[in-house]
Amino acid sequence: MRTLTHSVAGSTVGIHIPERRDDLDRFRAFLAQGDKVLAFDTETTGLDVYTPEHRLRLAQFGNSREAWVLRADAFGEEIAAALRQPRPYTMHNAQYDLLVVDRHLGVRLEDLGPRTYDTRVLAHLLDPRAPQEGGIGLALKPLSAVYVDPDAPDTQEGLTTEFRRLGLTKATGWAGIPIDNELYTRYAGLDVIFAHRLFRVLGPMVREIGLDHLSKFEHHLQILLAILQRRGFRLDVPYVETLRTDLLADAEAYKRVAGRYGVTNVNSTTQVAAALAAMGEALTERTASGATKVDKGVLLPLADLSLGWERLDVRAPNLLADAVLRSKRAEKWATAYASAFLDLKDADDRLHPSIGALQARTARMSISRPPLQQLPSSDWTIRRAFVADPGHTIIAADYQAVEMRVLAALADVPRMKEAIANGEDLHAFTARLIEGDGFTKRHRKLYKGVGFGKVYGGGAVTLARQTGADLDAVKRAIAAYDRVYPEIKRYSRRLMERAEFGRREVVTPSGRHLPLDRDRLYAATNYVVQSTARDLLAQAIADIFAAGLGDHLLLPVHDELIAQAPTADAEEVIREIGRAMESTFFGVRIESDPDVYGPSWGHGYGCAEKKGRCVVRESHPRKWGVRHD
DNA sequence: ACGATCACG
DNA sequence: ACGTACGTGATCGTG
């Protein structure tokens with residue numbers, strides 16, 4: 001047995017590394033010594049748990065004074081047996097470690113998850129801000145430095161340096177560092193000691209501010225999302241391989257066109273700007289740091305294309321701008337999507353993206369590796385890569401204008417609430433209210449934009465820029481909006497006043513405290529609305545599992561749920577899921593739209609199958625679905 | 001490491 | 001008094 005010592009917050013701690021089976025007697029004695037909650041952590045070869053090469057290397061157990069670092073290759077059974085003992089554990093970022101031991105040791109998520117406390121969840125409830133936003137962040141090191149010991153070592157940073165010393169990189173280090181490397185072992189042990197100490201500080205803090213109930217819900221939700229992550233989403237591999245090849249060929253062809261204008265790298269904004277200027281194009285927009293702006297918004301008009309990439313016929317298209325746009329898009333789709341899908345799939349051709357339950361400041365959920373909440377929606381080609389299991393059909397249900405409804409409920413806007421109760425199209429209702437029965441589609445679009453401005457806290461200038469509408473017209477529209485819905489402005493002002501004179505935060509109906517930036521108090525309304533909409537979807541996920549429908553779920557996407565069901569039951573299942581999503585919030589109905597997509601996710605975006613291949617439908621509604629009362 | 005860009009709700 | 005667009009993840013170029 002090797003033992004290392006270290007100083008933590010002024011006292012000496014021990015890190016024990018069993019080497020032979022005999023050493024385990026002392027480990028068992030440690031487990032039996034009566035700590036109420038033990039800390040647990042793992043070291044693995046990488047973050048992608050379901051890729052074929054992923055391995056568990058070390059498993060660490062600890063309390064505030066000692067850590068036990070066990071090699072998974074030698075003591076896997078012992079680690080699993082310890083975790084199966086019915087006692088509570090604390091982990092930092094439990095979702096990851098729970099999936100690791102579920103996959104590699106057969107310790108079920110459903111068994112260990114419900115008796116796990118996650119210090120990352122506690123930290124998010126106390127302050128969700130990233131370091132860049134003036135918060136502590138949610139990583140173990142900065143949290144330990146604030147709450148445990150200002151001299152807490154940055155174990156991630158320290159290991160990166162060690163990787164480099166050994167000729168390894170951040171990418172190869174986690175798998176390649178010798179398993180008995182002293183720094184690696186020491187930091188592995190320290191991580192659980194810090195996690196345990198952190199739990200003993202954060203647990204009581206969360207209790208003190210009355211967030212135990214929310215904490216319990218978030219821990220539960222995190223397990224449900226981990227179940228979705230474990231389930232994964234089936235990938236149509238031959239389709240993705242062809243798609244990737246086609247996209248890369250496209251990108252190459254357009255790069256060659258750009259090359260004819262002297263642009264050797266279409267991703268270099270400096271090169272593109274210089275070449276366009278040399279062609280006589282006037283480039284007037286600048287980025288925040290003063291560089292010439294050549295983004296999509298600048299290039300599309302030069303290429304005589306609308307935001308939807310259709311010919312405008314207002315000028316001769318600049319062929320360089322056109323080529324840059326097309327090659328960048330093709331390359332982005334090929335690398336960020338198609339290639340990423342292939343790199344991350346498991347042995348059964350499934351993708352298991354990380355689904356973060358408490359990610360943004362507003363607690364919105366996020367999906368990464370790969371980013372499945374950000375797939376192109378204007379076109380079905382990327383989403384077509386994801387297919388239902390054999391005999392199943394992809395289904396989905398989304399909330400109808402959930403953020404506007406939440407705003408109507410929270411700000412208590414009588415006219416809006418009535419329109420929602422009567423099943424009216426909210427933006428058309430507003431247009432009629434202001435413009436009379438002769439309102440046009442343009443009016444509806446304008447007031448829809450104003451509504452978004454209210455939700456985001458935007459002003460006339462931004463709105464005019466976003467919609468392309470005339471600034472004076474937008475100013476008049478905002479004034480009219482405030483006249484018919486004065487409660488919204490009043491509500492926003494009240495939130496800002498409270499934040500200005502009380503604590504600089506807003507509190508959501510679920511009890512979540514959201515800190516505000518000093519110079520961006522206007523974001524208060526958006527934070528409450530966005531966070532509340534997230535809480536509604538989170539509650540829906542919990543309700544769907546409670547109703548026994550959890551097996552169908554695949555992904556949450558902000559205001560919708562993607563799921564699958566045996567084809568014969570698809571309509572019925574999505575109706576039930578849709579019903580479970582619905583609720584009454586402060587007297588406002590929160591309603592959902594259930595949809596049956598088809599064999600793939602892309603079938604909800606206009607892909608229609610013909611002889612096994614997708615063809616573009618002549619005119620496709622974004623979705624076609626089953627109506628439900 | 002950071003800014004610019006682009007994908008989503 | 002006025003006005004402030006919100007939240008993410010990923011890649012690439014630049015220094």
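Chain identifiers are assigned alphabetically (A, B, ...) following the order of the sequence lines, protein sequences preceding nucleic acid strands; residue numbering begins at 1 within each chain. Just so we're clear, the structure is a prediction, and the values are computed from it rather than from any experiment.
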Side-chain atoms of A:R329 come closest, of B:dA7, C:dA10, C:dG13, to B:dA7
Answer with base, sugar-phosphate or nothing: what part of the nucleic acid does A:Y527 contact at a heavy-atom distance below 4.0 Å?
sugar-phosphate
Scan A:T462 against the nucleic acid and name what it touches under 4.0 Å (heavy atoms): base, sugar-phosphate only, or nothing.
base
For A:D519 and C:dT4, give me the distance from atom CG to atom C1', rounded to whole Å.
10 Å
Please give the distance between the P atoms of B:dG9 and C:dA5 as a whole number of Å.
22 Å
Length of the CZ-C1' vector between A:F452 and C:dA5, whole Å
12 Å
Winner on side-chain proximity to A:Q359, out of B:dC6, C:dT8, B:dA7, is C:dT8
Starting at CG of A:L407, measure out to OG1 of A:T525 and round the result to the nearest 0.5 Å.
7.5 Å
For A:A291, report the nucleic acid contact type (base, sugar-phosphate, nothing); a contact means any heavy atom under 4.0 Å.
nothing
Shortest side-chain distance from A:M496, nucleotide among C:dT4, B:dT5, B:dA7:
C:dT4
With a cut-off of less than 4.0 Å, is there a side-chain N or O of A:S377 near OP1 or OP2 of B:dC8?
yes
For B:dG9, what is the paired nucleotide under Watson-Crick or G-U wobble rules, both distances under 3.5 Å?
C:dC6
Given C:dA10, is OP1 or OP2 found less than 4.0 Å from the side-chain N or O atoms of A:T335?
no
Taken in chain and number order and not counting sequence neighbours, the residues that satisfy side-chain hydrogen bond (donor to acceptor under 3.5 Å, both in side chains) with A:T269 are none
Quick check: any donor-acceptor pair below 3.5 Å linking the side-chain of A:E331 to the base of C:dT11?
no
A:A336 side-chain proximity, nearest of C:dT11, C:dA5, C:dT14
C:dT11
Distance-only polar pair, side chains of A:Q539 and A:D543, donor-acceptor under 3.5 Å:
yes
Rounded off to whole Å, could you give me the CG-to-P distance for the A:D379 and B:dC8 pair?
10 Å
Just checking A:R465: base, sugar-phosphate only, or nothing, at a heavy-atom cut-off of under 4.0 Å?
nothing
Rounding to an integer number of Å, can you tell me how far A:R520 CZ sits from C:dG7 C1'?
10 Å
Given C:dA10, C:dA5, B:dC8, which nucleotide is nearest the side-chain atoms of A:K332?
C:dA10
